[in-house]
Amino acid sequence: MQPPLQARTDQAAAAHSAGDTLRAALWMIGAIGAFTSMAVAGRALAAHHDTFEIMAYRSLVGVVLVVAFAARAGTLHQITRRSLHIHTIRNISHFAGQNLWFFAIPRAPLAQVFALEFTSPLWVTLLAPLVLKERLTRIRALAAAIGFAGILLVARPFGGVDLSPGLIAAAGAAVGFAGSAIFTRLLTRTETITCILFYLTAMQTVFGLVCAAADGDIAAPVPAAMPWLVVVGIAGLLAHFCLTKALTLAPASVVMPLDFGRLPVIALVGMMFYAEPLQWQVAAGAAVILTANWINIHYETRRRAPL
């Protein structure tokens with residue numbers, strides 16, 4: 001039988017843990033809403049701007065917000081130049097992934113785009129040994145193989161369905177986001193969130209403007225596009241902020257499965273506003289991808305747990 005003091009301590013810890021999990025879930029609701037808003041705004045902007053212009057204007061909104069919040073929080077001094085080469089590689093990868101994502105959004109069903117995006121953690125598993133020198137264990141390899149089976153269910157390249165440019169772009173976006181995540185891991189060893197977000201938005205503003213100007217024509221925002229550009233800029237930062245806050249309150253094994261709530265939400269949005277039917281293959285493939293991610297997260301959590 002536990003002593004009364006120990007019992008009260010255990011009860012307080014359990015209550016604290018339950019409260020943190022609830023707060024993490026609420027932050028994840030915010031992240032899901034932000035990611036969904038960004039997808040809807042991306043579709044609306046496709047009629048007015050190409051992906052490079054969307055990235056340029058989105059990042060410009062982002063850099064203004066980052067500088068304003070950093071100035072208010074007194075963290076501007078945290079922006080350093082010591083890891084510029086890693087910031088550059090990280091942001092090239094993210095820029096490529098985000099452009100492919102914006103390209104895919106108006107060209108493929110939203111549920112399929114999001115399902116393929118969820119393969120990004122599996123690409124991290126495969127690519128991390130090359131960059132971070134992490135070991136590719138049998139469990140990690142198994143999770144990646146299961147995830148690949150889920151990709152085949154979602155995309156159905158051999159099932160008589162055309163592998164559209166939108167689906168190819170969505171799959172490529174997942175690889176780009178994986179590269180971004182890997183180099184973000186490197187940056188978090190020495191840099192603060194203010195520094196990472198500043199270079200994320202500043203560099204991608206430059207990348208977007210340079211790429212958009214390559215054809216000699218950058219379309220200025222029209223009044224109809226302005227609100228959507230603001231939504232994309234705010235939602236992009238808000239989504240990652242909410243996700244980060246959730247991860248500070250609860251372990252990845254709790255938070256990341258909640259992120260898969262994006263799929264039914266975006267599927268519902270697709271059905272209600274874009275007349276996109278949810279096909280059983282997409283739902284099944286997403287479930288397989290979720291299983292692969294859960295296996296990976298569960299294994300990593302148990303492996304790192306103190307004895």
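You'll find the side chain of Phe183 reaches within 4.5 Å of the side chain of Leu186, heavy atoms only. With a 4.5 Å cut-off on side-chain heavy atoms, Tyr57 and Trp228 do not count as touching. Contact annotation: the side chain of Leu200 approaches that of Leu197 to within less than 4.5 Å [non-hydrogen atoms, C-beta and beyond]. For the pair Leu237 and Thr201, the minimum side-chain heavy-atom distance is below 4.5 Å. Looking at heavy atoms from C-beta onward, Phe103 lies in side-chain contact with Pro165 at the 4.5 angstrom threshold. The shortest distance between side-chain heavy atoms of Gln279 and Val282 falls below 4.5 Å. Residues Val61 and Val232 fail the side-chain proximity criterion, which asks for heavy atoms closer than 4.5 Å. The shortest side-chain heavy-atom distance between Gln112 and Pro109 falls under the 4.5 Å cut-off.
How far CG of Leu84 is from CG of Asn91: 10.5 Å, rounded to the nearest 0.5 Å. Rounding to the nearest 0.5 Å gives a distance of 7.0 Å between CG of Asp215 and CG of Asp50. Here the CE-CZ distance, from Met203 to Phe198, works out to 9.0 Å after rounding to the nearest 0.5 Å. Here Ile196 contributes atom CD1 and Gln78 contributes atom CD; the two are 10.5 Å apart, rounded to the nearest 0.5 Å. Note: Leu100 CG to Ile168 CD1 = 10.5 Å, rounded to the nearest 0.5 Å. To the nearest 0.5 Å, atom OG1 of residue Thr192 and atom NE2 of residue His77 are 8.0 Å apart.
Between Trp27 and Phe241, the ring-plane angle classifies as perpendicular under the 30° and 60° cut-offs. Below 30°, between 30° and 60°, or above 60°: for Phe95 and Phe207 the angle between ring planes is above 60°, a perpendicular geometry.
Nearest heavy-atom pair, Val222 versus His48, reported as atom, atom and distance to 0.1 Å: CG2-ND1, 3.7 Å. The heavy-atom pair separating Ala171 from Leu116 by the smallest distance is N-CD1, 4.2 Å. Across Ala115 and Ala286, no two heavy atoms sit closer than the pair CB-CB, 4.3 Å. Considering all non-hydrogen atoms of both residues, Ile295 and Ala143 come closest at CG2-CB, 4.5 Å. Between Thr190 and Ser83 the shortest heavy-atom distance is OG1-OG, 3.7 Å. Closest heavy-atom contact between Ile105 and Gly42: CG2-C, 4.2 Å.
By the rule that hydrophobic residues join a cluster once side-chain heavy atoms approach within less than 4.5 Å of another member, Val210 and Ile54 end up as members of separate clusters. Taking hydrophobic clusters as Ile, Leu, Val, Met, Phe, Trp and Tyr residues chained together by side-chain heavy-atom distances below 4.5 Å, Phe177 shares a cluster with Ile266. No path of Ile, Leu, Val, Met, Phe, Trp and Tyr side chains, each step under 4.5 Å between heavy atoms, connects Ile89 with Val206, placing them in separate hydrophobic clusters. Hydrophobic clustering (ILVMFWY, side-chain heavy atoms < 4.5 Å, transitive): Leu238 and Leu26 are in distinct clusters. Hydrophobic clustering (ILVMFWY, side-chain heavy atoms < 4.5 Å, transitive): Ile92 and Tyr199 are in one cluster.
Using modelled atom types, no side-chain atom of Arg262 and backbone atom of Phe35 make a donor-acceptor pair closer than 3.5 Å. Not a single donor-acceptor pair under 3.5 Å links the side chain of Ser180 to the backbone N or O of His94. In this structure, the side chain of Thr205 engages the main chain of Leu60 through a donor-acceptor pair within 3.5 Å. Side chain of Ser164 to main chain of Leu167: a donor-acceptor pair is present (N/O by atom type, distance under 3.5 Å, no hydrogens or angles). One N or O on the side chain of Ser120 and one on the backbone of Ala178 form a donor-acceptor pair closer than 3.5 Å. Between the side chain of His49 and the main chain of Ala46, no donor-acceptor pair closer than 3.5 Å is present. Side-chain N or O atoms of Glu53 include one that pairs as donor or acceptor with a backbone N or O of Ala219 at under 3.5 Å. Remark: side-chain polar atoms of Glu117 are not paired, donor with acceptor, to backbone N or O of Ala170 under 3.5 angstrom. Side-chain N or O atoms of Arg107 include none that pairs as donor or acceptor with a backbone N or O of Phe102 at under 3.5 Å.
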Check against side chain to side chain donor-acceptor pair (under 3.5 Å), Arg90 and Thr184
CA-CA 7 Å; Arg90 185 251 188 219; Thr184 299; 2.8 Å; yes
Side chain to side chain donor-acceptor pair (under 3.5 Å), that's the test. Do Gln98 and Arg58 meet it? Break it down for me.
CA-CA 11 Å; Gln98 195 70 74; Arg58 174 215 170 176; 3.0 Å; yes
Residues His87, Leu187; criterion side-chain contact (heavy atoms from CB on, under 4.5 Å); working and verdict
CA-CA 8 Å; His87 283 293; Leu187 287 169; 3.6 Å; yes
Between Thr194 and Leu76, is a side-chain contact (heavy atoms from CB on, under 4.5 Å) present by the stated rule, with each step listed?
CA-CA 7 Å; Thr194 296; Leu76 281 174; 5.6 Å; no
Applying side-chain contact (heavy atoms from CB on, under 4.5 Å) to Val63 and Gln204, what does each step give before you reach the verdict?
CA-CA 9 Å; Val63 75; Gln204 293 191 125; over 6 Å; no
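A salt bridge is defined here as a Lys NZ or Arg NE, NH1 or NH2 lying under 4.0 Å from an Asp or Glu carboxylate O, and Arg81 with Glu191 fails to meet this definition.
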